[in-house]
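Each chain gets a letter, A, B and so on, in the order the sequences are listed, and its residues count up from 1.
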2 protein chains.
Amino acid sequence: MSVQMVAARAHENDVRASTVVEAMRLFAAHGFEGTALQDIADAVGVSKPAVLHHFPSKEHVRQAVLDEILSHWNEALPRLLLAATGSGDRFDAVFGELYRFFSNNPDRARVVAREMLDRPGELRKLLRGSVKPWLGAVAGYIRAGKERGLHYADVDEEAYLIHILLLVITATASATVTSSALETDPRSRHDRYDRELARIARASLFPSVPAALNPKKAAGDSRKRKAPR
Amino acid sequence: MSVQMVAARAHENDVRASTVVEAMRLFAAHGFEGTALQDIADAVGVSKPAVLHHFPSKEHVRQAVLDEILSHWNEALPRLLLAATGSGDRFDAVFGELYRFFSNNPDRARVVAREMLDRPGELRKLLRGSVKPWLGAVAGYIRAGKERGLHYADVDEEAYLIHILLLVITATASATVTSSALETDPRSRHDRYDRELARIARASLFPSVPAALNPKKAAGDSRKRKAPR
DNA sequence: GCAAGTCCTTACCGTCTGGTAAGGCATGTC
DNA sequence: GACATGCCTTACCAGACGGTAAGGACTTGC
């Protein structure tokens, strides 16, 4: 039962998994409506009904792509929030994970951005159901930091987090447009926009933290400057 | 020649203009690929070939929609930059115009966001050609303000502006998703996210400007706290 | 050996797509 | 009256779409 089933399941997952991979790439580039099932099948290297053998319909392929993205955060968020301790650490941990997740594969950001435009109703339900509790938890940390004088007093925690989330998604989704649009040197362009993105998120939350561009260098002395009064 | 042509042209523009209006609405909601020419024709109230009588192809409808959006800024940007004088005024003027433009009709933001995803190459060309000079001009103002100590020293002007631009576009494009996702009271939701959006843009550029949420109330005393040293 | 089930193929279906052909109907020109 | 032009209609087309039917190749369980 074991060896054969593993082999069979590995084979099954092969087409199914690469269907999700190729579908994410194509949905990100051309959108759900702009991607034909035939395109996905060609990318995987099988026939169109072979894809429909693993997924009842094109709609199920979309859901599998979205689940692939969501499943990461169901695992990562609890781990991050429990692991990090200090307020600055927590910021670096969540923002870093957020940025790295979308930056490592910008197609994720593009798919989410498209989902926001194509099916706002579905995404709204998702936000209300799954994202809201975690957003509330992180907002609670900001609220606590505010009372200790770490953050701007007029920060609207939930609104801040949503805007930063949107900013990271959009910035990574449109990285190829924005960066190469104004830069000529392909080496520096990534760092430049990434650094400014982190700076905006940080500077609009922590008052007057100078030269905190590189988290590694500024990690030591950036936290003791404002003690709880 | 005059009266008849005016009447004829008015009639002509009637269908043509409302085609652009309806197409923008439908492209924003369902995307370019997700909108059939028949849908546009139905919304206008004419037959499909009637639309194609005014526009050689569906692609030309898209271009007309984009031109409608772009033409506003070719007029507004020079006016704004020349009219505003102080550094804070200039920020309020440009940011306010930017926000109001997309907020007044969020479909504009959705169309731009979709264009960013669907045709990054075309948008890149547009950025390089039309947007870059103006972006450079505004960046120059920030650079000047930096030397007078008005802004954070580590601001990357161009990157900052692009991120803020993206943030305004995304925030207005996804306003129905984000706001009603977490708020239950439909009255407060708009103000709340809008204020935080402006706060982020402002706080990440101007160091330590407290309680500057409302530009009108804070306009008087928000600028004299940090004089050029 | 053989029925059952999995995985995948080719062939096909109805539907919808962007775009075209051809003509009706006004208005204005000579 | 003949003719041209602008605006719009119905009828139609070739191609692409998502999805189905039917069956072949192969493995599994008995």
Student: Looking only at non-hydrogen atoms, find the nearest pair between Gly34(A) and Asp39(A) and report the distance.
Tutor: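 Heavy atoms only, the tightest pair is O-OD2, 4.4 Å.
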Student: Can you measure Asp14(A) atom CG to dC8(C) atom C1' for me and round it to whole angstrom units?
Tutor: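 The answer, rounded to whole Å, is 14 Å.
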Student: Taking the side chain of Lys58(A) as its heavy atoms from C-beta onward, which of dG19(D), dT9(C), dT9(D) lies nearest to it?
Tutor: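 When the side chain of Lys58(A) is considered, dG19(D) is the closest of dG19(D), dT9(C), dT9(D).
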Student: One thing to verify: whether Arg114(B) and Asp118(A) come together as a salt bridge, which I'm taking to mean a side-chain N less than 4.0 angstrom from a carboxylate O.
Tutor: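 Counted as a salt bridge, because a side-chain N and a carboxylate O are separated by less than 4.0 Å.
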Student: Rounded to whole Å, please give me the gap between NZ in Lys48(B) and C1' in dT20(C).
Tutor: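 Roughly 10 Å, once rounded to whole Å.
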Student: Is any side-chain nitrogen or oxygen of Ser47(B) closer than 4.0 Å to OP1 or OP2 of dT9(D)?
Tutor: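 Checking dT9(D) against Ser47(B), a side-chain N or O does come within under 4.0 Å of OP1 or OP2.
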Student: Write down the distance between CG (Leu26(A)) and C1' (dG18(D)), rounded to a whole number of angstrom.
Tutor: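 The answer, rounded to whole Å, is 16 Å.
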Student: So which atom in Tyr160(A) and which in Ser204(A) form the shortest heavy-atom distance, rounded to 0.1 Å?
Tutor: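 Minimum heavy-atom contact is CE1-OG, 3.5 Å.
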Student: Just to confirm, is there a sub-4.0 Å distance from OP1 or OP2 of dC8(C) to any side-chain nitrogen or oxygen of His54(A)?
Tutor: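 Affirmative; the distance criterion is met.
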Student: Could you tell me how far apart Glu59(B) (CD) and dT17(C) (P) are, to the nearest whole angstrom?
Tutor: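 Rounded to whole Å, this separation is 17 Å.
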Student: Ring of Phe27(B), cation from Arg110(B) - is the NZ or CZ under 6.0 Å from the centre and inside 45° of the axis?
Tutor: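 So Arg110(B) doesn't make the cation-pi contact.
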Student: Once you round it to whole Å, what is the distance between C1' of dG18(D) and NE2 of His53(A)?
Tutor: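 It works out to 18 Å between those atoms.
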Student: Answer whether the closest heavy-atom distance between the side chains of Arg62(A) and Leu66(A) falls below 4.5 Å.
Tutor: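 Yes; the side chains approach each other to less than 4.5 Å.
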Student: Looking at Lys58(A) and Glu33(A), is there a salt bridge between them, counting it only when a charged N and a carboxylate O are closer than 4.0 Å?
Tutor: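 Salt bridge: no.
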Student: Using a cut-off of strictly less than 4.0 Å between a heavy atom of the residue and any atom of DNA chain C, enumerate the qualifying residues of residues 31-43 of chain B by number.
Tutor: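 Here the set is Thr35(B), Ala36(B), Leu37(B).
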Student: Taking 4.0 angstrom as the limit, do Asp92(B) and Arg202(B) come out as a salt bridge?
Tutor: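 Yes.
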Student: Can you tell me how far P of dG18(C) sits from CZ of Phe55(B), to the nearest Å?
Tutor: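 In whole Å, dG18(C) P and Phe55(B) CZ are 15 Å from each other.
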Student: Check the distance between dA11(D)'s C1' and Leu52(B)'s CG and give it to me in whole angstrom.
Tutor: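 Interatomic distance, CG of Leu52(B) to C1' of dA11(D): 15 Å.
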Student: Looking only at side-chain atoms of Pro49(A), point me to the closest of dG19(D), dG18(C), dT20(D).
Tutor: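 It is dT20(D).
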